[in-house]
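Each chain gets a letter, A, B and so on, in the order its sequence line appears, and its residues count up from 1. Predicted model only: the values in this text are computed from it and were never measured.
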Number of protein chains: 2
Amino acid sequence: MGAKSITIKDIARELNISTSTVSRALRDSSEIGAETKKRVLELAHRLDYNPNPVALSLLNSQSNDIGVIVPEIANPFFAIVIAGIEDVAFAQGYHVVIYQSHEDYEREVLNVKHIYNRRKDGLLVSIATTTTDYSHFKHIHDRGFPIVFFDRICEEIDTHKVSVDDFDGAYTATEHLINQGCERIAHVSGPDHLLISRRRLHGYRAALLDYGKPISDDWVVASAYSPDSALEATRVLLARADRPDGIFASSDNIAIGCHAAITEAGLSMPNEIALIGFSDLPMAALMNPPLSSVAQPAFEMGRSAAELLINLIRNPGEHTTSISNVLKTKLIARKSSLRLIE
Amino acid sequence: MGAKSITIKDIARELNISTSTVSRALRDSSEIGAETKKRVLELAHRLDYNPNPVALSLLNSQSNDIGVIVPEIANPFFAIVIAGIEDVAFAQGYHVVIYQSHEDYEREVLNVKHIYNRRKDGLLVSIATTTTDYSHFKHIHDRGFPIVFFDRICEEIDTHKVSVDDFDGAYTATEHLINQGCERIAHVSGPDHLLISRRRLHGYRAALLDYGKPISDDWVVASAYSPDSALEATRVLLARADRPDGIFASSDNIAIGCHAAITEAGLSMPNEIALIGFSDLPMAALMNPPLSSVAQPAFEMGRSAAELLINLIRNPGEHTTSISNVLKTKLIARKSSLRLIE
DNA sequence: CTGAAAGCGCTAACAG
DNA sequence: CTGTTAGCGCTTTCAG
């Protein structure tokens with residue numbers, strides 16, 4: 001198993017002093033003689049002593065780790081959020097441990113257990129699409145474990161949350177399609193039970209209503225947040241007699257599927273049909289035609305969530321009201337929807 | 001800090017037996033009476049008892065966690081490799097803890113320390129581009145800590161490695177450009193000190209040599225493995241009097257930069273200039289024109305690396321020769337390079 | 001079949 | 001200023 005790592009005991013023996021003295025010297029306690037302190041520090045350095053974090057963790061029931069659960073790290077949106085989280089956490093001396101639920105409820109439950117049992121100091125989470133029961137979160141939240149939700153938040157639990165203004169972003173996207181002259185605007189939505197899906201759907205409906213455009217359930221098709229699923233859904237949409245001339249997709253991943261279906265059907269973007277997504281992932285600009293989208297401040301979302309969590313960790317018990325930080329989105333118009341020169 | 005979690009001590013007290021008996025009953029030891037065993041198990045279940053993994057970890061100096069260090073999870077190639085790793089690890093009862101070096105040497109050193117100190121059971125790593133000193137790996141490897149390198153491997157350390165046949169993949173890509181009628185073939189390479197960069201460069205050179213095509217250092221420009229860096233490099237290349245009519249990019253991320261530069265210069269792909277990348281990331285097919293590439297079996301690479309590592313963990317000391325698993329690549333020809341109908 | 005005791009590495013009262 | 005003791009939660013000899 002390899003050479004044993006050295007402990008304060010080794011240092012104590014070598015120096016003929018007690019382990020507590022070594023411990024105190026290492027932590028630069030004021031009640032240790034300058035001379036002793038120096039000798040300890042020197043030997044520790046020479047021996048390349050490293051405190052055993054596991055022992056610390058057992059002692060304090062804390063780890064300086066914060067757990068993050070996302071559906072998929074392969075999704076660039078989440079990768080960027082994580083970068084934001086790490087940015088703050090690292091600066092505050094926390095290490096970020098990443099977990100993937102793979103959109104699977106069972107896996108999410110396992111991850112939560114792992115995080116709780118391993119004495120992580122807190123949890124940042126964006127819930128899986130298959131999750132409809134929140135008792136695993138409730139369970140640890142009731143025991144005082146710090147949780148902050150981001151993006152795919154859970155309304156049922158009273159704690160801090162960070163999200164974007166999905167309604168507003170969706171409204172703006174739909175409005176944009178209307179401004180470009182679209183008359184029959186469809187929506188490929190995300191899974192129903194996800195709050196972000198519903199909010200985006202509502203924003204879409206509200207814009208149509210405000211502008212007196214036709215609204216119909218036939219124009220709204222549900223899809224998972226994946227290109228494959230969206231491809232299928234869009235095919236159905238395009239096969240209709242009253243084919244839409246504009247599509248607002250609930251995410252860029254969905255928009256990729258729409259994009260493929262439109263290309264496959266031989267329709268021209270944006271003239272025969274205009275398309276806009278949500279998130280503005282890096283690849284949006286690389287598509288052909290480049291995909292319009294609603295940009296989300298992913299990095300900022302990660303930063304904010306991490307800040308709120310660390311606050312919760314450091315000031316436990318302070319039963320102030322839970323904060324819901326709602327970030328602004330930004331419309332990015334590209335060729336997939338730009339019919340007019342603005 | 002919330003309700004204390006319950007321990008074997010609680011169970012012991014409740015049942016008026018000793019903790020050791022509880023411990024044994026829980027582990028289904030053969031030397032415990034069926035009756036006692038039943039009562040313990042029942043109470044444990046009723047109380048929702050969970051063993052404290054931190055205590056176990058302190059006791060055994062192991063954690064059932066394996067650490068993985070990648071440059072960036074936002075890179076889909078690594079995200080897929082990780083999925084492969086998780087696939088194997090999860091089935092074997094290990095949890096995968098993901099670390100990012102962000103291509104930063106200092107960060108990589110920190111990650112390695114964390115993994116070693118936290119008593120992770122092993123390390124899977126693809127090294128950062130800025131890493132030129134391998135002593136942090138050497139240090140823990142010398143102490144018997146199990147390490148397996150994948151993709152960006154480190155030759156200096158004698159342990160298992162998983163990579164693809166970079167030379168062969170590069171040769172095939174270059175050969176493909178030659179077959180498509182390219183005469184002046186350039187290469188946008190990755191950082192020099194990365195083995196994969198050098199191997200791909202050599203494959204490129206070998207193909208040109210074999211087919212009697214012109215070879216020149218002017219045709220080879222170095223770039224970081226990022227679109228931005230490649231964009232700059234390609235601009236220089238395209239500004240040359242003897243502009244190339246084919247480019248082999250050392251990775252898809254580099255190819256994205258080449259793609260942008262070519263489009264920016266108003267050149268047509270593949271007729272005026274053909275382009276091929278390396279990795280076949282999902283986005284390659286979505287570009288316009290779709291990007292040709294050399295597919296790497298990323299998932300398989302993850303699986304293989306995890307298997308080798310778990311083997312190393314479970315059979316320590318067995319000083320058999322280190323295995324180098326070299327996986328095959330596959331040419332994926334798309335419109336960015338296909339001039340002829342094959 | 002079961003209990004008492006020691007110990008993983010470290011810190012924090014409690015004595016000197 | 002420094003040492004002794006106890007304990008975080010668990011397993012594992014060693015004694016019954």
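- Put simply, CG on A:Asn16 is 13 Å from P on D:dT2, counting in whole angstrom units.
- Close to C:dT11, at under 4.0 Å from its OP1 or OP2, lies a side-chain N or O of A:Ser23.
- Between A:Leu26 atom CG and C:dC10 atom P the separation is 9 Å, expressed in whole Å.
- Annotation: side chain of A:Asp65 is in contact with side chain of B:His114 (closest heavy-atom distance under 4.5 Å).
- In this structure, the side chains of B:Val68 and B:Val97 stay at 4.5 Å or more apart for every pair of heavy atoms.
- For A:Arg24, no side-chain nitrogen or oxygen approaches OP1 or OP2 of D:dC1 to under 4.0 Å.
- Among the nucleotides D:dC10, C:dA4, C:dA12, the one closest to any side-chain atom of B:Tyr49 is D:dC10.
- If you find the closest nucleotide of DNA chain C to B:Thr21 and to A:Ala55, the one lying nearer the 5' end belongs to B:Thr21.
- Following rounding to the nearest Å, B:Asn60 (CG) and C:dC8 (P) show an atom-to-atom distance of 13 Å.
- Computed from coordinates, the B:Lys9 NZ to C:dA5 C1' distance equals 14 Å when rounded to whole Å.
- If you find the closest nucleotide of DNA chain C to B:Leu58 and to B:Ile32, the one lying nearer the 5' end belongs to B:Ile32.
- Look at CG on A:Asn52: it is 18 Å from P on C:dG7, rounded to the nearest Å.
- Counting only heavy atoms from C-beta outward, the side chains of B:His102 and B:Glu108 never approach each other to under 4.5 Å.
- With 3.5 Å as the limit, one finds no donor-acceptor pair spanning the side chains of A:Ser20 and A:Ser23.
- Closest to the A:Ser20 side chain, of the nucleotides D:dC8, D:dT4, C:dA5, is D:dT4.
- Atom CD1 in B:Ile8 sits roughly 12 Å away from atom P in C:dG3 (whole-Å rounding).
- Contact of B:Arg119 with C:dG9 (side chain to base): no donor-acceptor pair of N or O atoms is detected under 3.5 Å.
- Per the geometry, CD1 belonging to B:Ile17 stands 14 Å off P belonging to D:dT11, to the nearest Å.
- Phosphate contact (OP1/OP2 of D:dG3, side-chain N/O of A:Ser18, threshold under 4.0 Å): present.
- Comparing A:Thr19 and A:Thr36, the nucleotide of DNA chain D nearest to each residue sits closer to the 5' end for A:Thr36.
- Protein atom CG of A:Leu56 is 13 Å distant from nucleotide atom P of C:dG9, rounded to whole Å.
- Taking the ring centre of A:Tyr99 as origin, the terminal cationic atom of A:Arg107 falls outside the region bounded by 6.0 Å and 45° from the ring axis.
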